[in-house]
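Residue numbers run from 1 in the order of the sequence given. Heavy-atom basis, side chains included; hydrogens, waters and symmetry copies ignored. Model, not experiment: these values are computed from the prediction.
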Amino acid sequence: MTHDPFHPADQPGPPTNGTQTTSLESAEAGDSKGADIVPLDTVRAGRHPYRPDDPEPTSPAPAADRPTLEGQVIRVDQPGGQDRDWRAELEAKISTSRPVVPLWLRSRAEAMQTLSWLGKHYAHVAAYQATRTPLYAGRLLTRSPRGLARLVGGMVRWTFDLEGEPVRVATVQKADPEAYLKLSRQRDARVRLRVPVALIVLVTLLIAAIIVANQPAAVQWSALAAALAILGVLGKPADKPLIERAVLASNVEKLTSDIVIRALTSLGISGITQAISKNPKDAIRFVSPITRDGPGWRADLDLPYGVTVGDVLDKRERLSGALRRPLGCIWPEGDSSIHEGRLILWVGDKDLSKTLVKSPLLKATSHDVFKGIPFGNDPRGRPVTVPLIQHNVLIGSLPGQGKTASVRQLAAGVVLDPTAEAWFHELKGTGDLDPYEKVCHRYVSGIEDEAIAYAADSLALLRKEVMRRSAALKSLPPDLCPDKRVTRQIADKRSLGLHPLVAIFDECQNLFAHPEYGAKAGEDAEFIIKLGRALGVVLILATQRPDKESLPTGISANVSIRFCLRVAGQIENDMILGTSAYKNGIRATVFVPEKDAGTGYLVGATPMPKVVKSAYLDTPQTQLIADRAYALRDAAGTLSGHALGETPEQSTPSYDLLADILAVVPPSEAKVWNETVITRLADLRPEVYGGWEVEQLTAMLKPYGIKTVQVWGTTADGKGANRRGIVREEIAERSRGAAS
């Protein structure tokens, strides 16, 4: 019978009297059946670790000493290959396959640009060399005597084997007669062969000269020029080339994997340094070969585990020093659609800050806003278009970073579409948008209260327009408007009144932070942004102070396209570009003040956020576009409002708030709740006060220096409550002071 060492009944019992009784002792005691000899330590070491009735061994036996157990041993971590989902791998391969057609040929614009560069380069080279042909001819002429001397001298040395003369002299000096005789015989053999060859060449040249002498003068001069050219080439000094370079050699170093790894290692990022020290070969993995992408090099790579693209963006200046390229040439970016460690490093040949992006609208006869507006170029020189219809745009930056220039470019695309209605408000008072005034339905430029009131009135009118358009769009038949959105075909039907309407508010912080008009303007703007996008109403807001007071969160949270130039910190960055933008590596803080003016992060206009330098229009260029736009609109009959000198429409009639409050609150009521006051005001002037909230009344009283207080009153069900309210006597005093 074979005992199972793992069964409790077969386990040896505890020793008695300090000794162990083994099977061998039992056999010696007279056990007729006999037993297997089982080493106790080995059995204990081989017990299953999860048997609760087995005592834990103090020290496991080596694997080689353990007995072979029957059954299957299952490892927690199986070595070797694992089962793979071949369909998922195939899908991944298809999605990451390299393009058949090169990147520069996939875009017609980029291909034409590349071919244009090639044509300009070789045209320049040809023109440069052609204009210097007389200089090259003079050089050949002056060098021809030296070339003749070199030719004759070379023929003589070759014919008489003068090249070997130093070797033969050396044998004489060493007193080696055998070597000298051997070299002399070799020299004699060479001379006997070369002298006839030299004579044949001389005779041939003499015959050719006689033949040319009997030819016309043109042939003689051509032959002489060819001979002088050959002699001039032979007489060229080693340090003075004949032909000059038309283009200086580029100093741009080709980007290689070794250069990229060296640069990333020098950034001082601990995750990269540790990974490379442990595994230099595979710490940084290049997912595709480094390729030429536009006017620069592109490297796609995976950073070491735990390192994100944001870590590299923080070190952009050090990366510039490591790559020995200007800061405006280094543009790292991430691809969060894959993972946060995927880095796309683009190194340009030319500093983006030194590039002037010309607006294609300068030469455009007209434009269609439904096709988007040409906005600028990315670092690779590719044009970037901002879609306008069904979007709203928010532009933010510190002062002097190119914000107004970006607004000018968008405004140019709007006015060149004669069907688009332009409402422009420049609330800085510097007249940056004045050239467009002649084509605007509503226009104001200024920082005073009258200009702010005009802009606030525009938002109130736009809110009414959105409501009108909503009803008009709803009434359209499904075959004309299946998606319930304004299209080009619907916009062209002028009788429907659904043409594009674009309102620009430059320096909008002066409007939204205004103590009297800001609260209502913010509510109207939020309403328009949420509902107007499908109705052809577009807001373009530009601000240099992105905080919650000057840019309400309801506005910043719902704008779909954002352009952020240089800002001071993370809070301002995320106010413009959206929450967590800074964390995700989209950081407008990397731009250099003034040097990178006009360059910013564009989010929402393209599938992935990208750096864009906006096109620049100076005042004369803006005026030319405005003149062209005026002619277009005059011919199409779409000039209206301010452009025709009409009196601006007001959203609400003029009113005296304090007088109206005194009218609805009798002297017998010393203190009244705000909600009671606005209810009575709405009954008095529903067209003015309808829809007012308690907070709005509080905000409208602040400019008069009136603060609300806690007022005790009784609710409709007879319960007492403390709520915000006004003191009538204070209202009366302020009203008398304003009247006097």
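- In terms of heavy atoms, I561 sits closest to P387 at CD1-O, 3.1 Å.
- Listed for the R562 side chain is a donor-acceptor partner under 3.5 Å among the backbone atoms of S556.
- For N558 (side chain) and G554 (main-chain N/O), a donor-acceptor pair under 3.5 Å exists by modelled atom type.
- More than 12 heavy atoms of other shown residues, nucleotides or ligands fall within 6.0 angstrom of atom CD in E646.
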Go through the steps for L480 and Q489 under the test side-chain contact (heavy atoms from CB on, under 4.5 Å), then give the verdict.
-> CA-CA 9 Å; L480 182 61; Q489 292 73 20; 5.8 Å; no

With side-chain contact (heavy atoms from CB on, under 4.5 Å) as the test, would you mind laying out the steps for L551 and Q509 before giving the verdict?
-> CA-CA 6 Å; L551 187 64; Q509 75 276 357; over 6 Å; no

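- Judged purely by atom type and a 3.5 angstrom limit, T679 uses its side chain to pair as donor or acceptor with the backbone of E675.
- The heavy-atom pair separating V393 from L410 by the smallest distance is CG1-CD1, 4.2 Å.
- In this structure, the side chain of R469 engages the main chain of L535 through a donor-acceptor pair within 3.5 Å.
- Q409 contributes a side-chain N or O that, together with a main-chain N or O of P374, makes up a donor-acceptor pair within less than 3.5 Å.
- To the nearest 0.5 Å, atoms NZ (K358) and CG (L617) are separated by 12.0 Å.
- W331 places a side-chain heavy atom less than 4.5 Å from the side chain of L352.
- With a 6.0 Å cutoff to the six-membered ring centre and a 45° limit on the axis angle, R463 counts as a cation-pi contact of F527.
- A distance-only check finds no donor-acceptor pair linking the side chain of S560 to the backbone of H391 [under 3.5 Å].
- Taking CD from Q570 and OG from S580, the interatomic distance works out to 8.5 Å, rounded to the nearest 0.5 Å.
- Counting heavy atoms of neighbouring residues, nucleotides and ligands inside a 6.0 Å radius, atom CD of E594 does not exceed 12 of them.
- More than 12 heavy-atom neighbours from other residues, nucleotides or ligands sit within 6.0 angstrom of CE on M608.
- Open room surrounds NZ on K671; 12 or fewer heavy atoms of other groups in view lie less than 6.0 Å from it.
- Annotation: K583, atom NZ; neighbour count of heavy atoms from other residues, nucleotides and ligands within 6.0 Å does not exceed 12.
- No donor-acceptor pair closer than 3.5 Å links the side chain of R723 to the backbone N or O of N674.
- Under the 4.5 Å side-chain criterion, counting only non-hydrogen atoms from C-beta, L511 is in contact with I452.
- Pairing each heavy atom of Y601 with each of A588, the nearest pair is CD1-N, 4.0 Å.
- Under the side chain to side chain contact (heavy atoms under 4.5 Å, CB included) test applied with W673, the options N722, I726, V711 reduce to a single match, V711.
- For K371, the NZ atom is loosely surrounded, since the number of other residues' heavy atoms within 6.0 Å does not exceed 12.
- Atoms CG and CZ, from D596 and R566 in turn, are 9.0 Å apart once rounded to the nearest 0.5 Å.
- A donor atom on one side chain and an acceptor atom on the other are not found under 3.5 Å apart for H499 and T419.
- In this structure, CD1 on I678 lies 11.0 Å from CD1 on I661, to the nearest 0.5 angstrom.
- The backbone N or O of V369 sits less than 3.5 Å from a side-chain atom of D417, completing a donor-acceptor pair.
- Y443 and D434 are linked by a side-chain donor-acceptor pair at a separation below 3.5 angstrom, with hydrogens and angles left out of the test.
- Other residues, nucleotides and ligands contribute only 12 or fewer heavy atoms inside 6.0 Å of the CD atom of E317.
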Using the side-chain contact (heavy atoms from CB on, under 4.5 Å) rule, take L362 and L624 through it: C-alpha gap first, then chi angles, then the decisive distance, then the call.
-> CA-CA 8 Å; L362 275 173; L624 290 175; 5.5 Å; no

Salt bridge (charged side-chain N to carboxylate O under 4.0 Å, His left out) between R724 and E695, intermediate numbers included | CA-CA 10 Å; R724 304 299 296 179; E695 295 79 5; over 6 Å; no

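- Residue I540 is tested with L394, V386, L388 for a side chain to side chain contact (heavy atoms under 4.5 Å, CB included); the sole match is L388.
- Classification of R488 and D492 as a salt-bridged pair holds, one side-chain N sitting under 4.0 Å from a carboxylate O.
- Looking at every heavy atom in both residues, S445 comes nearest to T430 through OG-N, 4.4 Å.
- Counting heavy atoms from C-beta outward, I490 and L496 have side chains that approach closer than 4.5 Å.
- Listed for the R587 side chain is a donor-acceptor partner under 3.5 Å among the backbone atoms of Y582.
- Counted by atom type alone, T589 and N573 present zero donor-acceptor pairs between their side chains at under 3.5 Å.
- You'll find the side chain of T606 stays beyond 4.5 Å of the side chain of V612, heavy atoms only.
- For the pair P418 and L416, the tightest heavy-atom approach, listed with the atom from each and the gap, is CD-O, 3.4 Å.
- For the 3.5 Å distance criterion, the side chains of Q621 and Q623 fail to qualify, holding no donor opposite an acceptor.
- E421 and R442 are not joined by a salt bridge, as no carboxylate oxygen comes within less than 4.0 angstrom of a charged side-chain nitrogen.
- In this structure, CD1 in I625 is found 11.0 Å from NE2 in H367, a value given to the nearest 0.5 Å.
- Atom CZ in F591 sits 12.0 Å away from atom CG in L398 (nearest 0.5 Å).
- Classification of K520 and E523 as a salt-bridged pair fails, no side-chain N sitting under 4.0 Å from a carboxylate O.
- Atom CD1 of I571 is surrounded by 12 or fewer heavy atoms from other residues, nucleotides or ligands within 6.0 Å.
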Between V407 and I395, does a side-chain contact (heavy atoms from CB on, under 4.5 Å) hold up when you go through it step by step?
-> CA-CA 8 Å; V407 172; I395 302 174; 4.0 Å; yes

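- A pairwise comparison of heavy atoms in N392 and I529 identifies ND2-O, 3.4 Å as the closest pair.
- T308 and E340 share no side-chain donor-acceptor pair at under 3.5 Å.
- Taking a cutoff of 4.0 Å between a charged side-chain nitrogen and a carboxylate oxygen, D627 and K438 qualify as a salt bridge.
- In this structure, the side chain of R316 engages the main chain of V590 through a donor-acceptor pair within 3.5 Å.
- For the residue pair S614/R408, the side-chain donor-acceptor check at 3.5 Å is not satisfied.
- Ring planes of F375 and F563: perpendicular class, angle over 60° (limits at 30 and 60°).
- Between H425 and F505, the ring planes lie parallel to each other; the angle is under 30°, not in the 30° to 60° tilted range.
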